[in-house]
2 protein chains.
Amino acid sequence: MTANEQGAGETAIQGPRKPKTARGKKTRAKILRAAEECFGTLGYHQAGITDITRYAGVALGSFYSYFSGKEDAMRELVREMGHNLRAHLAQNVAGATDRVDAEVRGLRAFLEYIRDHPWMYRILQEVQFVDEAVYREYYDTFSEHYARLLSEATQAGELRPGNNQVRNWALMGMGHFLGMRFALWDEDVPMDEIIKTMDDLLRHGLARSDQ
Amino acid sequence: MTANEQGAGETAIQGPRKPKTARGKKTRAKILRAAEECFGTLGYHQAGITDITRYAGVALGSFYSYFSGKEDAMRELVREMGHNLRAHLAQNVAGATDRVDAEVRGLRAFLEYIRDHPWMYRILQEVQFVDEAVYREYYDTFSEHYARLLSEATQAGELRPGNNQVRNWALMGMGHFLGMRFALWDEDVPMDEIIKTMDDLLRHGLARSDQ
DNA sequence: AACCTATGTGAATGATGATTCATGTTTCAT
DNA sequence: ATGAAACATGAATCATCATTCACATAGGTT
């Protein structure tokens, strides 16, 4: 039940191991990709380990060579997505002219990521009900980084004064719902239209006449 | 598997029935409340029918007297929540001075609802992975009503021109995340602070100097 | 070649838990 | 009071997996 025992001379007869050779790495990767596909299409509970291993083209037992169980694979997938998405965003936000521009570029990159990795995003959402701690960790990590950027922009006088913690979560929520509705469910509104609308909202608010 | 057979002279030996007497209504209600509690605390998959009936203080079989299965109870709970929440919001938004004021009052009422019915909100989120159609239906219904209000406000010149469909989902997303983080997970930021921040965001945007 | 470690295999195990159904009890209209 | 419809009961059924384990095979080192 505890973490991966990898130390020397352990008593454990067998447990999940980190692959030591290229062959092992490849197998583990095949299983992870298969898990992504199965969890994504079938859902965590519907997907069986046999589905995953059949899809990966390996024996049932091989799953347990690399993962301590179903949840473990799910967690790994979420961590992986966290890294990939953060990298993708960092790459796309670079070069923004101001904080709002960065937000909007970030939103576009986020929507693109969801569109291109729909399974991954579904898995992130479902992990909430499989291992809530992992879900919170994901957003807390994200939020931590995010809050700093907003604070710096506020310091610099780029943003109106206000509670950045709250804004932070509001912005993540926007992204989440826009992604779900317009990237995952139905791409019936062009990306540029979404971005334009959100740029305006973030720059000027909703109300017609300020003051 | 199909819907509740309630018509006259059906062949079905037995199926879920609508309660015909006060006793029946009471039992069904007890089961539904128990299901809410169990799904909410244990989660849909973890909660067993036996947990629900034990908590309700009725026999296992009674569950199937009123529901065709586990999913059916879940669906019913989500529908119930939709009605209750919509009523709560309508009540609290009445008397708003302008559209943004209505948004902000709606947000406050929404956060209060989540705070007071945390289980219900968890269930709504989990239904996404139990019966996605119900989840979409919930938000589509919400969105339909919402989009009309935004359009009217735009017509009236209260709101800046823009894609209200997009704004609509962005606003729902804000509400969702703010509720999850500040009403469900941790009430570490006072409601008034959240409201003040969001009022400012919706009235003026994020950027310090317009134009 | 001999040998050790990393990998790979899939039948068997063991729990779990949703759903059914045959039977008993209550309510109530007549 | 009495019979029928509603309602309530919970042991038994049935199917589904996650996980284990005893036994192969492959790769590379001496």
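In what follows, chains carry the letters A, B, and so on, assigned in the order in which the sequence lines appear, proteins first and then strands, with residues in each chain numbered from 1. The figures that follow rest on heavy atoms only: side chains count, while hydrogens, waters and symmetry mates do not.
- Looking at residues 37-55 of chain A, you'll see that no heavy atom sits under 4.0 Å from any atom of DNA chain C.
- For A/Thr41, the side-chain contact (heavy atoms from CB on, under 4.5 Å) partners at least two apart in sequence or on another chain are A/Glu37, A/Trp119.
- For A/Ser62, the side-chain contact (heavy atoms from CB on, under 4.5 Å) criterion is met by A/Ile31, A/Val58, A/Ala59, not counting sequence neighbours.
- A/Asp98 is linked by a side-chain hydrogen bond (donor to acceptor under 3.5 Å, both in side chains) to A/Arg203, counting only residues two or more places apart in sequence or in another chain.
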For nucleotides 12-15 of chain C, print each protein N/O atom paired with a nucleotide N/O atom at under 3.5 Å, atom names and distance only.
none

Between the protein and nucleotides 27-30 of chain D, are there any N/O to N/O pairs under 3.5 Å, and if so, what are the atom names and distances?
none

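- Residues passing the salt bridge (charged side-chain N to carboxylate O under 4.0 Å, His left out) test with A/Glu76, sequence neighbours excluded: A/Arg28, A/Arg79.
- When the side-chain hydrogen bond (donor to acceptor under 3.5 Å, both in side chains) test is applied to A/Tyr44, no partner is found at least two apart in sequence or on another chain.
- Contacts classified as side chain to side chain donor-acceptor pair (under 3.5 Å) and involving residues 175-189 of chain A (residues at least two apart or in different chains) are given here: A/Tyr121-A/His176, A/Arg181-A/Asp188, A/Trp185-B/Glu132.
- Applying the side-chain contact (heavy atoms from CB on, under 4.5 Å) criterion to A/Ala96, with sequence neighbours excluded, gives A/Asp101, A/Ala102, A/Arg105.
- Applying a 4.0 Å cut-off to non-hydrogen atoms, the residues of residues 26-36 of chain B that approach DNA chain D are B/Thr27, listed by residue number.
- Among the protein residues, A/Thr21 comes within range of the sugar-phosphate backbone only, with heavy atoms under 4.0 Å from sugar or phosphate atoms but none that close to a base.
- Under the rule for a ring pair (Phe, Tyr, Trp, His ring centres under 6.0 Å), the partners of B/Tyr139 that lie at least two apart in sequence or sit in another chain are A/Phe177, B/Tyr135.
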